[in-house]
Amino acid sequence: MSEEKSLNFIEEIIEADLATGHYGAIHTRFPPEPNGYLHIGHAKSICLNFGLAIKYSGKINLRFDDTNPAKEETEYVDSIKEDVAWLGFNWTNELYASDYFDQIYEFAVTLINKGLAYVDDSTPDEIAALKGSPTEPGKNSPFRNRTIDENLTLFTAMKAGAYQDGEKVLRAKIDMAANNMHMRDPIIYRIKHAHHHRTGDKWCIYPMYDFAHGQSDSIEQITHSICTLEFIPHRELYEWLINQLEIFPSKQYEFARLNMTYTVMSKRKLLQLVTEGYVQSWDDPRMPTISGMRRRGFTAESIRNFCERIGIAKRENLIDVSLLEFCVREDLNRIAPRVMAVIDPVKLIITNYPEGQSEELISENGPDETYGSRSVPFSRELWIEREDFMEEPAKKWFRLAPGALVRLKSAYIIQCNSFEKDTEGNITAIQASYIPESKSGADTSEIKVKGTIHWVSVAHALEAEIRLYDRLFKVENPSQEEGDFKEYINPDSLQIIQQAYVEPSLLTAKIGNHYQFIRKGYFCLDKETSSEKLVFNRTVSLKDAWAKEVKK
RNA sequence: UGCCUGAUAGUAUAAUGGUAGUACAGCAGAUUCUGAUUCUGCUUGUCUAGGUUCGAAUCCUGGUCGGGUAACCA
């Protein structure tokens, strides 16, 4: 039985366009400005645009909107390509708005020739003053009635470098009384003597977003130009320019951008976190950037699923980060091999297990046989988790306590006999005896225990550094709070465990490999791992019913 | 203040004039050599006031509330 999934509003538009034959096929684009790293909000747009092209057998361009040389760098171009590819998408064409500078220049000349653009010598302040306000109409610039010839001459001189930055601009001649402020003679070209990451020093004038984006869409014959809600006011201008230029009529559609609890999603704010040292880098595992999430251990599959589940609509939203966590657990549960690691170790001594003896035990790698198994060394002295022992057990406590029985995962059932404390009352060692007939896979003891705990053999353990991450902000919506968003940064978003112990099979782990540390969470090997030191990032913890029980 | 948008469980998202559904979160239980996974059940919703209609989340009118918008940024 196939469940018909309902369409989002953009899919409805596309299906209508296809059904009426308005378009034979669709063509979308993902148009980042290469001035920063991509984040999960971009992933929503990427999944939408690429997803649409795939679903309707259309084309999709990766187009860099590089019309402001002051902010753009090749480093960002490279990272964006890497991130989109990592998410699992292939683009039909890799293009740049800067590829069209000659053509866009000609569009400007066309406008001038139609008497629909003029060179304005006003200063930014003068232009702003004449722009009026939402309630009062603007006033015409004194330069608005220059002749076509004069404008042509001046614009040519602008291109030739005859003027300094800011001396002149080219404006579309529309309507200084328009309700939509974007229609009050918007600036379409400005002078910027700056080195461009691709065109070098060829140009000293650059088109503004409004005179580059729609024109690029049109040149590429984009059918559905999908952007976020804040561009709604630009749509009127987008259409006006295409109409006046009589070029391919791309259409703009807008959807609501992604917001997520306990993080920020603007490039400006993310940049601040990096430059002001609140995080290490753009790919810091606490960042909502694609590169940060990848390093943290998120899979592309889980991010794609997340984007699928949040849906596409036009209303403002604030997605609960727990949905993202659910998506990554869902995927990692399926693909991550299980291993044992002790994060906060305390020594357990099996008093009736001979000193110097050890044995290899078989432990399963996953939920069923298809995952296979591996061998794990067992011996007299083990590391176990400090929180798995309670001197005075709480109600419903299934784990280790004086006199209590628990199973050591894939090994034996043990009974705690005694324990030692230091002068401050910290447990320093626990003694227990094991039940030989309870060996995992060959248990004839008939003893039933409620709890199973993980462990690592002291003699065989590998030392590792483990980095635990928490949410970056203390409040759900830092951008909405009073004052600077940085006041709400969570000071405990990173906890580094210098000396944890992991089972020896992890010696062969590769950077980026995912694991489930049994009972603790999903982890992946960080790129800062060296031959001296294994470094693991916690991607996400496991759901913890006991922690909830404790809270009650 | 103008203009543009939007409003369905706690959070998202469906229902396109005809049974308000799904996911996450929450709660309760079963299974479990991971207090995980899996499975079962449950709680919770159409912003408001009118109108049209046999019938309105859906159409109309007014209101309320939220968001966007007046860069030589994108």
Side-chain angles (χ1 to χ4, degrees), chain A residues 3 5-8 12 31-33 35 65-68 70-72 120 122-124 127-128 131-138 165-171 178-182 184 187-192 205-206 208-210 212-213 227-236 254 256 261 267-268 308-327 329-330 333-334 338 340 363-364 366-367 396-399 406-411 413 438 440-441 443 448-454 476 516-521 541-549:
Chain A
E3 298 253 322
K5 196 180 174 297
S6 58
L7 304 177
N8 64 49
E12 283 178 3
E33 182 187 15
N35 69 341
D65 233 339
D66 55 351
T67 56
N68 184 359
K71 290 165 52 183
E72 295 148 8
D120 195 327
S122 308
T123 66
I127 288 178
K131 197 142 201 178
S133 75
T135 45
E136 328 154 62
D165 288 8
E167 252 186 86
K168 287 182 165 47
V169 291
L170 183 71
R171 293 228 253 168
N179 273 326
N180 184 345
M181 300 295 283
H182 292 271
R184 323 249 262 223
I187 292 167
I188 57 176
Y189 257 98
R190 79 287 215 183
I191 300 168
K192 237 181 227 277
I205 58 172
Y206 292 92
M208 297 288 290
Y209 166 83
D210 285 305
H213 198 97
C227 60
T228 46
L229 255 25
E230 65 271 27
F231 289 96
I232 289 177
H234 294 254
R235 189 175 61 227
E236 191 180 356
E254 311 87 8
T261 54
K267 273 190 199 168
R268 201 192 93 248
E308 185 63 36
R309 280 171 210 255
I310 58 179
I312 299 293
K314 296 188 82 138
R315 80 182 80 116
E316 294 290 326
N317 59 76
L318 182 62
I319 307 281
D320 195 330
V321 70
S322 64
L323 178 61
L324 215 211
E325 292 173 349
F326 167 82
C327 290
R329 285 192 187 106
E330 179 187 47
N333 177 50
R334 200 161 50 219
R338 295 338 56 162
M340 293 198 279
S363 191
E364 73 279 10
K396 297 191 193 169
W397 178 256
F398 300 162
R399 285 118 90 152
V406 296
R407 169 166 301 274
L408 294 174
K409 173 72 182 172
S410 301
I413 291 173
S438 67
S440 186
D443 187 351
K448 291 272 175 268
V449 293
K450 287 285 263 186
T452 298
I453 65 173
H454 60 281
E476 277 204 339
Q516 185 195 101
F517 288 0
I518 286 181
R519 301 207 305 133
K520 297 311 294 181
S541 63
L542 255 30
K543 279 221 260 176
D544 191 347
W546 172 247
K548 271 185 195 168
E549 186 67 35

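Proteins get letters first, then strands, A, B, ... in listed order; numbering begins at 1 in each.
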Inter-nucleotide [atom1] distance ([N], [M]), Å rounded:
N	M	atom1	value
B:rA70	B:rA7	P	23 Å
B:rU13	B:rG45	C1'	13 Å
B:rC3	B:rU8	C1'	27 Å
B:rA23	B:rU38	P	13 Å
B:rA12	B:rA28	C1'	25 Å
B:rU61	B:rA56	C1'	15 Å
B:rU46	B:rU22	C1'	16 Å
B:rC54	B:rU48	P	24 Å

A:D443 vs A:I413, test: side-chain contact (heavy atoms from CB on, under 4.5 Å). Steps then yes/no. CA-CA 9 Å; A:D443 187 351; A:I413 291 173; 4.2 Å; yes

Are A:E364 and A:R338 close enough for a salt bridge, meaning some N to O gap below 4.0 Å? no

For the side chain of A:S410 and the backbone of A:S363, is there at least one donor-acceptor N/O pair under 3.5 Å apart? no

Are any side-chain N or O atoms of A:E136 and backbone N or O atoms of A:G132, one a donor and one an acceptor, separated by less than 3.5 Å? no

For [N], which nucleotide is its Watson-Crick or G-U wobble mate, given both distances must be under 3.5 Å?
N	result
B:rU69	B:rG2
B:rU64	B:rA7
B:rA12	B:rU22
B:rU46	none
B:rG29	B:rC39

Could you check which of B:rU13, B:rG35, B:rA12 has an atom nearest any side-chain atom of A:A313? B:rU13

Between A:H234 and A:Y209, is the ring centre distance below 6.0 Å? yes

Close N/O contacts between protein and nucleotides 39-41 of chain B (under 3.5 Å):
none

Using a 4.0 Å heavy-atom cut-off to protein, can you give one letter per nucleotide of nucleotides 67-74 of chain B, 5' to 3': B if the base is in contact, S if only the sugar-phosphate is, - if neither? SSSB-BBB

Output one letter per nucleotide in nucleotides 20-34 of chain B: B when a protein non-hydrogen atom lies under 4.0 Å from the base, S when only the sugar-phosphate is that close, - when neither is. ---SSSSSS----BB

Rounded to the nearest 0.5 Å, how far apart are [atom1] of [X] and [atom2] of [Y]?
X	Y	atom1	atom2	result
A:K192	A:T67	NZ	OG1	9.5 Å
A:I191	A:L170	CD1	CG	10.0 Å
A:I232	A:E254	CD1	CD	4.5 Å
A:K314	A:N8	NZ	CG	11.5 Å
A:K267	A:E33	NZ	CD	5.5 Å
A:D120	A:I187	CG	CD1	7.5 Å

Evaluation steps, side chain to side chain donor-acceptor pair (under 3.5 Å), between A:E325 and A:S322: CA-CA 5 Å; A:E325 292 173 349; A:S322 64; 5.8 Å; no

Indicate, with a heavy-atom threshold strictly under 4.0 Å, whether A:R184 touches base, sugar-phosphate, or nothing. nothing

Which part of the nucleic acid does A:I413 contact within heavy-atom distance under 4.0 Å: base, sugar-phosphate only, or nothing? nothing

Rounded distance (Å) that lies between atom C1' of B:rU46 and atom CZ of A:R315: 11 Å

Rounding to a whole Å, what distance do you find between A:L318:CG and B:rA7:P? 17 Å

Let's go through A:N68 and A:N35 carefully: what are the C-alpha distance in whole Å and the side-chain angles of both, what is the deciding distance for side-chain contact (heavy atoms from CB on, under 4.5 Å) to 0.1 Å, and is it a yes or a no? CA-CA 9 Å; A:N68 184 359; A:N35 69 341; over 6 Å; no

